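All remarks here apply to the structure that follows.
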Amino acid sequence: MNTTMAITLIGMVSIAVVGVSGRRPRRGELGEWTVGKRKFSTFTTWFLQAGEAFTTFSFLGLAGIAFGGGVAAAFALCYLAINFTLQYFTAPRMRELGRKGGYLTQADFFADRYRSPLLGKVVAVVGAVFLLPYLQLQITGLGMIVQLATGSRTGGNLSMVLATVLTVGFVLWSGIRGIARVAYLKDALMIVGLVVLFIGVAVSVKGGIGGLFETVRDSHPQLLTLHQEGYDATFFVTAVIISGIGGGLGTMAHLWPPVLAAGSGRALRKNAVWLPLYQVALGIPVIVGFAGILLVKPGSPANSVALTLAGQTLPGWLVGVVAVAAASAAMVPSAAIVVGISSLLSRNLLSARNERTQLRTNHLCVVAAAALALVLGLTRPGLLSDLLLLTYGGLTQLAPAIVMGLAKKVRLDAVPALLGILTGVGVLIWLTFGSVDVGTVDTGLIALAPNLVVTAVAQFVVRSRSLAAVPAEAN
């Protein structure tokens with residue numbers, strides 16, 4: 001076992017130990033495990049929200065897009081700005097409704113606001129199904145990180161198994177409190193890892209960072225425009241819109257527990273103001289991706305650029321530090337996603353009678369979801385690759401109903417909301433798997449159009465029938 005692998009494995013075990021140090025719920029109830037006592041401070045909520053927003057994509061994906069698509073990678077900085085702007089208004093309202101209604105999950109919101117347990121169950125299924133590939137992405141990405149850092153495929157697979165077991169362990173033990181503890185460490189590691197990688201690249205490129213962009217401007221000017229194949233202006237705009245809507249309106253179920261656990265709406269508003277500071281750090285992977293254009297062999301896999309550069313520019317022990325940081329950026333979101341999936345299934349779909357039974361069922365769902373994602377990641381990593389494209393687009397189909405449900409008075413009925421969601425999801429699946437050529441337009445955004453039309457038409461029909469029934473009853 002080389003130094004890099006040893007440091008990586010020790011780092012992952014240390015992350016899990018920190019997670020287990022989170023206080024175990026005393027009463028063994030799902031509510032305590034999922035959202036604590038709803039009194040998390042601004043400080044804790046900050047790290048929980050940041051921990052779930054910045055994932056392996058921050059290390060691998062952004063650098064890969066910059067490597068292949070140039071400035072198109074800046075779309076992440078733009079959509080996160082939209083996310084936090086929308087969250088300034090939506091998150092406090094979600095927290096207020098959650099406190100009054102006792103919500104533990106996103107589906108609780110739908111079932112309560114629309115007075116429809118059926119809608120809650122459908123949302124639970126949609127949320128769990130579309131979050132599963134996102135969980136598999138984190139696990140597979142962690143394996144890729146270790147494989148690239150150590151040069152060992154076996155080591156990568158071993159790390160996937162170990163990280164999954166460790167993550168499940170601390171999640172089962174301490175729930176959201178354990179995730180919060182690990183989130184503190186994860187953010188510190190993430191900053192250290194990115195800074196180390198940035199320094200390694202800066203000293204390796206002729207002329208430093210300034211020389212890097214001068215060279216790219218002279219040798220690859222197209223990368224400084226939005227004209228790359230697959231990464232044109234249409235991709236940029238539609239990806240920003242769909243991702244901004246998805247994150248800003250809470251369409252992803254694993255984003256709800258930190259909001260519901262916050263001690264006040266003021267804490268959430270403060271975080272929405274200051275969380276964009278993280279976007280400064282996300283500029284580093286973009287710079288690394290540009291450096292890869294000059295330092296990495298052409299034709300190399302885009303997602304391998306960041307770790308390949310780490311291996312070329314840093315000593316083995318520092319590569320291990322970067323790998324641990326990247327691993328933490330996979331383990332924390334994985335933990336949050338597992339909580340999101342399991343709580344939807346145990347509370348809203350299976351609907352156990354009491355919280356203790358829900359918690360036991362929840363723990364089984366945690367193990368099942370993590371095991372399924374791990375097995376698919378090890379044996380058939382490409383099976384969910386297409387489904388991954390549906391994650392943001394599919395969950396964004398919940399956005400119209402969320403917006404209407406956040407209003408003081410819900411003016412949308414459950415049936416139109418349900419029909420709109422099912423229509424949007426159906427159109428998205430057809431566009432994705434029906435070989436429909438839509439260019440670089442985000443399919444999730446396209447699917448929102450029929451979603452809105454069906455919702456509006458169905459609402460008109462429902463209200464028309466209601467108005468017609470009133471005179472009839474009067475007679």
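Everything numeric in this text was worked out from a predicted model, so none of it was measured.
- Here the side chains of Ile191 and Asp187 are not in contact, with every heavy-atom distance at 4.5 Å or above.
- Considering all non-hydrogen atoms of both residues, Thr440 and Gly230 come closest at CG2-CA, 3.9 Å.
- Contact check for Val427 versus Asn451: no side-chain heavy atoms found under the 4.5 Å cut-off.
- Between the CG atom in Leu359 and the CZ atom in Arg347 there is a gap of 12.0 Å [rounded to 0.5 Å].
- Although no hydrogens or angles enter the test, the distance criterion places a donor-acceptor pair under 3.5 Å between the side chain of Gln397 and the main chain of Gly444.
- Using modelled atom types, one finds a donor on one side chain and an acceptor on the other under 3.5 Å when comparing Tyr184 with Thr44.
- Residue pairs that meet the ring-ring contact (aromatic ring centres under 6.0 Å, His included) test with at least one member in residues 279-311, sequence neighbours left out, are Phe213-Phe290.
- The side chain to side chain donor-acceptor pair (under 3.5 Å) check on Arg95 picks up nothing, with sequence neighbours excluded.
- Residues meeting the side chain to side chain donor-acceptor pair (under 3.5 Å) test with His227, sequence neighbours left out: Thr225.
- Between the side chain of Ser343 and the main chain of Gly340, a donor-acceptor pair closer than 3.5 Å is present.
- Once rounded to the nearest 0.5 Å, the distance linking CG of Leu137 with CG of Leu132 reads 11.5 Å.
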| said: Would Met12 and Leu142 count as a side-chain contact (heavy atoms from CB on, under 4.5 Å) here? Give the steps. | reply: CA-CA 11 Å; Met12 287 193 296; Leu142 187 142; 4.0 Å; yes
Run Ile176 and Val339 through side-chain contact (heavy atoms from CB on, under 4.5 Å) and show every step you take.
CA-CA 8 Å; Ile176 194 171; Val339 169; over 6 Å; no
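- Checked by atom type and distance alone, the side chain of Asp108 pairs as donor or acceptor with a backbone atom of Thr105 at under 3.5 Å.
- A donor-acceptor contact shorter than 3.5 Å is absent between the side chain of Thr34 and the backbone of Gly31.
- With a 4.5 Å cut-off on side-chain heavy atoms, Leu395 and Leu131 count as touching.
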* To do: Walk me through it: do Ile15 and Leu166 pass the test side-chain contact (heavy atoms from CB on, under 4.5 Å)?
  => CA-CA 9 Å; Ile15 291 169; Leu166 293 173; over 6 Å; no
Identify all side-chain donor-acceptor contacts of residues 306-330 below 3.5 Å with residues at least two apart in sequence or on another chain.
residue: Thr308; atom: OG1; partner: Ser304; partner atom: O; Å: 2.6
residue: Thr313; atom: OG1; partner: Leu309; partner atom: O; Å: 2.7
residue: Ser328; atom: OG; partner: Ala325; partner atom: O; Å: 2.6

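- Between Tyr79 and Phe75, the two ring planes are tilted [angle within 30° to 60°].
- Taking all atoms of both residues into account, the shortest heavy-atom contact from Ala183 to Leu48 is CB-N, 4.4 Å.
- A pairwise comparison of heavy atoms in Val286 and Ala66 identifies O-CB, 3.5 Å as the closest pair.
- Between Phe84 and Tyr88, every side-chain heavy-atom pair lies at or beyond the 4.5 Å cut-off.
- In this model, no donor atom of one side chain and acceptor atom of the other lie less than 3.5 Å apart for Asn271 and Thr45.
- Pairing each heavy atom of Pro133 with each of Thr391, the nearest pair is CG-OG1, 3.5 Å.
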Q) Passes side-chain contact (heavy atoms from CB on, under 4.5 Å), Val122 versus Phe110? Steps please. A) CA-CA 10 Å; Val122 170; Phe110 280 89; over 6 Å; no
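- Side-chain contact check for Leu172 versus Val367: some heavy-atom pair is nearer than 4.5 Å.
- Taking CE of Met5 as the reference point, atom CD of Gln147 lies at 10.5 Å (rounded to 0.5 Å).
- Residues meeting the ring pair (Phe, Tyr, Trp, His ring centres under 6.0 Å) test with Phe40, sequence neighbours left out: none.
- Gln138 contributes atom CD, which lies 5.0 Å from atom CD1 of Ile337 (distance to the nearest 0.5 angstrom).
- The aromatic rings of Tyr392 and Tyr134 stand perpendicular to each other, their planes meeting at an angle above 60°, with 30° marking the opposite boundary.
- Between the CD1 atom in Ile179 and the OG atom in Ser334 there is a gap of 10.0 Å [rounded to 0.5 Å].
- Of all heavy-atom pairs between Ser243 and Asn83, the closest is O-OD1, 3.2 Å.
- Without hydrogens or angle criteria, Thr238 side chain to Asp442 main chain gives a donor-acceptor distance under 3.5 Å.
- No side-chain heavy atom of Val338 sits under 4.5 Å from any side-chain heavy atom of Val168.
- Nearest heavy-atom pair, Ile421 versus Ala401, reported as atom, atom and distance to 0.1 Å: CD1-CB, 4.4 Å.
- In this structure, OG on Ser159 lies 12.5 Å from CD1 on Ile139, to the nearest 0.5 angstrom.
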Please tabulate, for side-chain N and O atoms in residues 246-259, each donor-acceptor pair with protein atoms closer than 3.5 Å (sequence neighbours left out).
residue: Thr251; atom: OG1; partner: Gly246; partner atom: O; Å: 2.9
residue: Trp256; atom: NE1; partner: Gly250; partner atom: O; Å: 2.6

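- You'll find the side chain of Arg181 stays beyond 4.5 Å of the side chain of Phe170, heavy atoms only.
- The environment of NZ in Lys270 is sparse: at most 12 heavy-atom neighbours from other residues, nucleotides or ligands sit within 6.0 Å.
- Between the side chain of Trp46 and the main chain of Ala267, no donor-acceptor pair closer than 3.5 Å is present.
- Within the 4.5 Å cutoff, the side chain of Lys186 has no heavy atoms near those of the Met331 side chain.
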